[in-house]
Amino acid sequence: MTITTVRDLKRILPKTYNHRREVLSEISTVLSQHQYLEAVMDRFVFNDGKVKNLISLTGTIMVLYEGNRYNIPVCLWLEESYPHTAPTCYVKPSREMKIVTSRHVNSNGEIRLPYLDEWRHTQCDLHSLIQVMMTVFSEVPPLCMCLDPEDSSPVHPQIESMEEFSHVTLDEDHLLFLKGNETNC
């Protein structure tokens, strides 16, 4: 369920959230600064199969990569203990995109950043997290465009050179995108 106003958010945010005021404040700040993100209440399935209704910030963040702007689809899930615990964050590729695994994004699209690992309440917040994501993804994009959007096979690109991110090879066709000639996001 997409939440359109802060008033709706106050009404819908479950009472199970331990720090409702802080959650509301941070979400309001982020939504006022990132027009392509929205608050959404939805079911989150944990790795152990447990399911909870949680709030997320879902949409796109703008990334500047090699002089071009790209909208990277993301989803930032806030657990009930937020802001005392870090959000669980994912890139959410569209049908035309594939995940580029790196030290910052695993094959499931989960975002792994030192900022999240070292999360400290009162020192870390959603707005700063998004800024870190924008910076990191400007250096190493987490997604690339598929050559054939109709192809639904689960092919994951592999980075050939993490230090320079010079090219990406697609396992399926062994096609190469050279730096300066790629279709990466």
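Just so you know, these numbers use all the heavy atoms, side chains as well, and skip hydrogens, waters and symmetry mates.
Leu113 and Leu76 end up in the same hydrophobic cluster when Ile, Leu, Val, Met, Phe, Trp and Tyr side chains are linked at under 4.5 Å. The hydrophobic clustering, which links ILVMFWY residues whose side-chain heavy atoms are closer than 4.5 Å, places Met134 and Leu57 together. By the criterion of side-chain heavy atoms lying less than 4.5 angstrom apart, applied directly or through intervening Ile, Leu, Val, Met, Phe, Trp or Tyr residues, Leu126 is not grouped with Tyr36; the two fall into different hydrophobic clusters.
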Is there a side chain to side chain contact (heavy atoms under 4.5 Å, CB included) between Ser56 and Thr88 once you walk through the steps?
CA-CA 9 Å; Ser56 70; Thr88 302; over 6 Å; no

Walk me through it: do Val63 and Arg69 pass the test side chain to side chain contact (heavy atoms under 4.5 Å, CB included)?
CA-CA 6 Å; Val63 171; Arg69 292 180 184 192; over 6 Å; no

Stepwise side-chain hydrogen bond (donor to acceptor under 3.5 Å, both in side chains) check, Glu22 with His121:
CA-CA 11 Å; Glu22 289 177 85; His121 178 245; 2.6 Å; yes

With side-chain hydrogen bond (donor to acceptor under 3.5 Å, both in side chains) as the test, would you mind laying out the steps for Glu96 and Ser94 before giving the verdict?
CA-CA 5 Å; Glu96 302 82 24; Ser94 67; 2.9 Å; yes

Please lay out, stage by stage, how Arg112 and Glu110 fare under the test salt bridge (charged side-chain N to carboxylate O under 4.0 Å, His left out).
CA-CA 6 Å; Arg112 306 284 182 125; Glu110 186 174 0; 3.3 Å; yes

Check step by step if side-chain hydrogen bond (donor to acceptor under 3.5 Å, both in side chains) holds for Thr16 and Glu80.
CA-CA 6 Å; Thr16 54; Glu80 295 162 330; 2.7 Å; yes

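In Phe46, the CZ atom is crowded: over 12 heavy atoms of neighbouring residues, nucleotides or ligands sit closer than 6.0 Å. Other residues, nucleotides and ligands place no more than 12 heavy atoms under 6.0 Å from the CG atom of Asn47.
Contact check for Val105 versus Val100: no side-chain heavy atoms found under the 4.5 Å cut-off. Side-chain contact between Ile72 and Pro142 is present, with heavy atoms from C-beta onward closer than 4.5 Å. Between Val91 and Phe137 there is a side-chain heavy-atom pair separated by less than 4.5 Å. At a threshold of 4.5 Å between non-hydrogen side-chain atoms, the residues Leu9 and Ile55 count as touching. Contact annotation: the side chain of Leu116 approaches that of Pro87 to within less than 4.5 Å [non-hydrogen atoms, C-beta and beyond]. Side-chain contact between Pro83 and Thr122 is absent, with no heavy atoms from C-beta onward closer than 4.5 Å.
Put simply, the side chain of Thr101 never gets that close to the backbone of Asn106: no donor and acceptor are under 3.5 Å apart. Side-chain atoms of Tyr115 never come within 3.5 Å of backbone atoms of Met133 as a donor-acceptor pair (strictly under, hydrogens ignored). In terms of modelled atom types and a separation under 3.5 Å, the side chain of Thr29 and the main chain of Ser25 share a donor-acceptor contact. A donor-acceptor pair is defined here as one N or O able to donate and one able to accept, closer than 3.5 Å; no such pair exists between the side chain of Arg43 and the backbone of Leu54. Listed for the Arg20 side chain is a donor-acceptor partner under 3.5 Å among the backbone atoms of Pro14.
Leu37 approaches Leu31 most closely through the heavy-atom pair O-CD2, 3.3 Å. Shortest non-hydrogen contact noted between Asn18 and Ser81 is ND2-CA, 3.7 Å. In terms of heavy-atom proximity, Pro93 sits nearest to Ile99 at CG-CG1, 3.7 Å. Contact detail for Pro73 and Asn71: the closest heavy-atom pair is CD-O, 3.4 Å.
In this structure, Lys92 fails the cation-pi test against Tyr90, since its NZ or CZ atom is not both closer than 6.0 Å to the six-membered ring centre and inside 45 degrees of the ring normal.
Judged by distance alone, the side chains of His127 and Gln33 do bring a donor and an acceptor atom under 3.5 Å apart.
Between Tyr82 and Trp119, the ring centre distance stays below 6.0 Å.
Rounding to the nearest 0.5 Å gives a distance of 9.0 Å between CD1 of Ile130 and CG of Asp125.
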